[in-house]
Amino acid sequence: MSKEKIKSLISSGVLFSRVKLAYLLVYVSAVIYAATVQGTLASDAGSVLVGLLFNGLAVFGVVLVVFDFFTRRVLLNPKYCTLLALFVLALGLSTLLNAKYGVGANLKTMVWTVIQLFLVASIDFGLPKETKIRHFRIVSQWACALWTVCVLLSFWQFLILHKEIHILSDGVKFIREGFHDNRLFGIFNDPNFASVMSFAVIVFSGINIILAKKKLLTAILHGFVIFSQFIYIVLSGSRTTELATYLAAAALMLWLTWVLLIKKKIALILKLATSVICAVLGVALCFGAFIGTREVCASLPEAFSGFVGQLSSDGPSEPVDFERPDVEGNADISNNRFSIWKDYIKVYATAPIFGTSPRNVLEYSEEYFDDLFVLQKGYLMHNTYLALFVATGALGGVLALAYLVCIALEIVGYLFRKRKDPDSNYYQVLLVSAAMIVFAVAMFTLYFLFFNNMMVDIIFWFMLGYVRDVIRTAEPERHEG
């Protein structure tokens with residue numbers, strides 16, 4: 001290849017986009033592996049390969065960000081990018097001010113934060129629309145395929161009621177595998193995060209069905225993905241994801257009905273009433289789907305055991321119970337979260353402006369308190385919104401929330417402006433908005449998206465970058481420059 005050709009590829013962004021695509025495929029594969037029990041056990045055992053893989057991803061990710069900064073500066077083009085840059089600075093300042101508690105872990109967190117915010121969520125300006133769609137489909141379908149394999153393996157463990165506890169190297173912490181406490185952990189470390197990820201995969205599949213333009217095989221394959229992911233969400237027993245799914249269903253049905261009625265010559269009050277009724281019906285159908293799925297799945301292990309009875313003499317003789325022992329009969333409906341939040345609000349009060357830094361929260365807390373519940377149990381915050389303020393103070397917390405609010409307004413604004421003329425772009429954005437509702441709700445009881453490096457984090461930022469590009473492409477006049 002000639003030098004001129006190479007320069008052309010670099011200047012046009014084609015080479016960068018191809019390298020970024022390959023990077024994302026490896027990154028997605030790595031974090032999905034890390035989300036499984038085997039990935040955690042490998043990391044706990046000090047696997048050299050796992051360490052090298054993530055270190056390599058971190059270094060190469062930074063190289064890509066730096067390369068872009070000194071060439072086309074594509075990653076710094078999106079609106080509200082300044083808020084993200086200031087947030088990273090706030091994170092760095094918090095790390096510096098709390099350096100006596102440790103620096104290394106916080107620096108790693110900063111590296112992954114930069115990669116997620118400025119590379120994974122970046123928009124490939126300048127590339128043809130078809131190229132951007134192709135890259136999105138490659139990454140999203142790869143994520144769907146890998147995650148569905150993991151879900152199917154987890155469902156197999158449910159059928160045979162496999163359960164196992166793995167003690168980690170410290171001799172205290174442990175992870176569960178299979179069907180424990182009447183909920184399906186499966187091969188995942190945490191069914192709460194896994195169920196949120198499954199909802200995101202459902203949205204990915206929905207978008208791919210839209211982009212496939214009525215290709216039957218694609219619709220069938222992604223229909224199976226959607227079905228399997230919903231099954232896992234139900235069996236995971238995650239109350240957070242279930243509640244978020246109801247809210248997303250209500251919002252989708254409300255808005256879809258409104259869009260369908262917008263051009264009808266009927267009274268406004270009737271349109272509103274019909275939309276609200278459809279939203280309620282959407283929640284009722286979703287609730288029925290959860291109940292019905294539990295009823296059907298409860299008998300599957302017993303039926304499966306009977307089917308292969310010659311291979312197993314100790315299979316279940318009655319339907320599975322899905323009532324969680326850690327929730328049923330427990331006066332604390334938050335499952336200790338209220339106590340955790342109360343303690344961390346106390347911690348935040350000691351560093352309200354700059355925070356404690358993300359990786360030094362417990363060490364910082366030990367210096368100021370000695371009787372906190374979270375110190376006894378080693379609990380982290382279980383609330384992303386609270387985590388932003390505790391880790392980076394009001395400075396970082398306000399910047400991060402301001403960015404999220406701006407993005408939410410951007411999405412809602414687009415849905416409102418285009419409501420009279422919906423097209424395939426519109427329905428893609430609508431699907432992503434449902435995922436954003438689930439993420440926003442889950443952030444109240446889970447700690448992710450910021451300061452972590454999990455599969456659900458990567459998918460959120462990737463999905464966000466894609467939907468913003470869809471909006472920008474649909475409304476170029478509003479997003480020039």
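This one's a predicted model, so the numbers in the text were calculated from it and none came from an experiment. All values below come from the heavy atoms of this structure, side chains included, with hydrogens, waters and symmetry mates left out. FYI, the numbering just counts along the sequence from 1.
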So does [Y] get a backbone contact from the side chain of [X], meaning a donor-acceptor N/O pair under 3.5 Å?
| X | Y | value |
| --- | --- | --- |
| Asp321 | Glu323 | yes |
| Asn182 | Phe322 | no |
| Arg359 | Gly102 | no |
| Asn453 | Val31 | no |
| Tyr23 | Leu57 | yes |
| His222 | Gly206 | no |
| Ser205 | Ile202 | no |
| Ser94 | Ala391 | yes |
| Gln229 | Val203 | no |
| Asn360 | Ala105 | no |

Do you know the tightest heavy-atom contact between [X] and [Y]?
| X | Y | answer |
| --- | --- | --- |
| Ser357 | Asn106 | OG-ND2, 3.0 Å |
| Met443 | Leu404 | CE-CD1, 4.0 Å |
| Leu431 | Ile210 | CD1-CD1, 3.8 Å |
| Ala34 | Phe54 | CB-CZ, 4.0 Å |
| Leu184 | Pro191 | O-CB, 3.7 Å |
| Asn98 | Gly355 | ND2-O, 3.0 Å |

For [X] and [Y], take the angle between the two ring planes, folded into 0 to 90°, and tell me which bin it lands in: parallel under 30, tilted 30 to 60, perpendicular over 60.
| X | Y | value |
| --- | --- | --- |
| Tyr403 | Tyr80 | perpendicular |
| Phe416 | Trp255 | tilted |
| Tyr385 | Phe444 | tilted |
| Phe136 | Phe204 | perpendicular |

ask   = Does the side-chain contact (heavy atoms from CB on, under 4.5 Å) test come out yes or no for Phe155 and Ser228, once each step is laid out?
value = CA-CA 9 Å; Phe155 186 69; Ser228 62; over 6 Å; no
Can you measure from [atom1] ([X]) to [atom2] ([Y]) and round to the nearest 0.5 angstrom?
| X | Y | atom1 | atom2 | answer |
| --- | --- | --- | --- | --- |
| Leu146 | Gln141 | CG | CD | 12.0 Å |
| Leu41 | His166 | CG | NE2 | 5.5 Å |
| Phe389 | Asn383 | CZ | CG | 10.5 Å |
| Ser140 | Asn208 | OG | CG | 4.0 Å |
| Leu243 | Leu247 | CG | CG | 4.5 Å |
| Leu449 | Leu117 | CG | CG | 10.0 Å |

inquiry  = The test is salt bridge (Lys or Arg N to Asp or Glu O under 4.0 Å); show your working for Glu242 and Arg294 and say whether it passes.
reply    = CA-CA 13 Å; Glu242 183 173 350; Arg294 288 194 186 99; 2.7 Å; yes
message = Quiz question: by atom type and distance under 3.5 Å, do the side chains of Tyr414 and Glu410 form a donor-acceptor pair?
response = no
key: Residues Asn192 and Ser238: side-chain donor-acceptor under 3.5 angstrom   = yes
key: Residue pair Val26, Ser29: steps toward the side-chain contact (heavy atoms from CB on, under 4.5 Å) verdict   = CA-CA 5 Å; Val26 176; Ser29 303; 5.7 Å; no
query = Would you say the ring centroid of Trp147 lies under 6.0 angstrom from that of Phe188?
reply = yes
query = Is the distance between the ring centroids of Phe448 and Phe460 less than 6.0 Å?
reply = no
[X] vs [Y] side-chain heavy atoms within contact, under 4.5 Å:
| X | Y | answer |
| --- | --- | --- |
| Val259 | Tyr426 | yes |
| Phe451 | Leu91 | yes |
| Ile407 | Arg468 | yes |
| Tyr33 | Val50 | yes |
| Met381 | Val361 | yes |
| Met110 | Val88 | yes |
| Val470 | Lys132 | no |
| His180 | Ile165 | yes |

How about [X]: does its [atom1] atom have over 12 heavy atoms from other parts shown lying under 6.0 Å from it?
| X | atom1 | value |
| --- | --- | --- |
| Phe287 | CZ | no |
| Phe373 | CZ | yes |
| Trp341 | CH2 | yes |

Worked verdict on Phe185 versus Ile175 for side-chain contact (heavy atoms from CB on, under 4.5 Å) = CA-CA 9 Å; Phe185 286 73; Ile175 52 176; over 6 Å; no
From Thr240, Asp190, Thr241, residue fulfilling side chain to side chain donor-acceptor pair (under 3.5 Å) relative to Ser195 = Thr241
key: Qualifying residue, where the test is side chain to side chain contact (heavy atoms under 4.5 Å, CB included) with Leu375 and the options are Asp343, Val347, Leu362, Asp370   = Leu362
ask   = Checking ring pair (Phe, Tyr, Trp, His ring centres under 6.0 Å) against Phe230, which of Phe224, Phe199, Phe290 comes through?
value = Phe290
Of Phe450, Phe118, Tyr466, Tyr27, the residue whose pairing with Trp461 passes ring pair (Phe, Tyr, Trp, His ring centres under 6.0 Å) = Phe450
Cation over ring face, Arg176 and Phe174, 6.0 Å, 45° = no
message = Using the rule given for side-chain contact (heavy atoms from CB on, under 4.5 Å), can you reason through His382 versus Asn336, listing the C-alpha separation, both sets of side-chain angles and the distance that settles it, and then say yes or no?
response = CA-CA 10 Å; His382 287 277; Asn336 292 325; over 6 Å; no
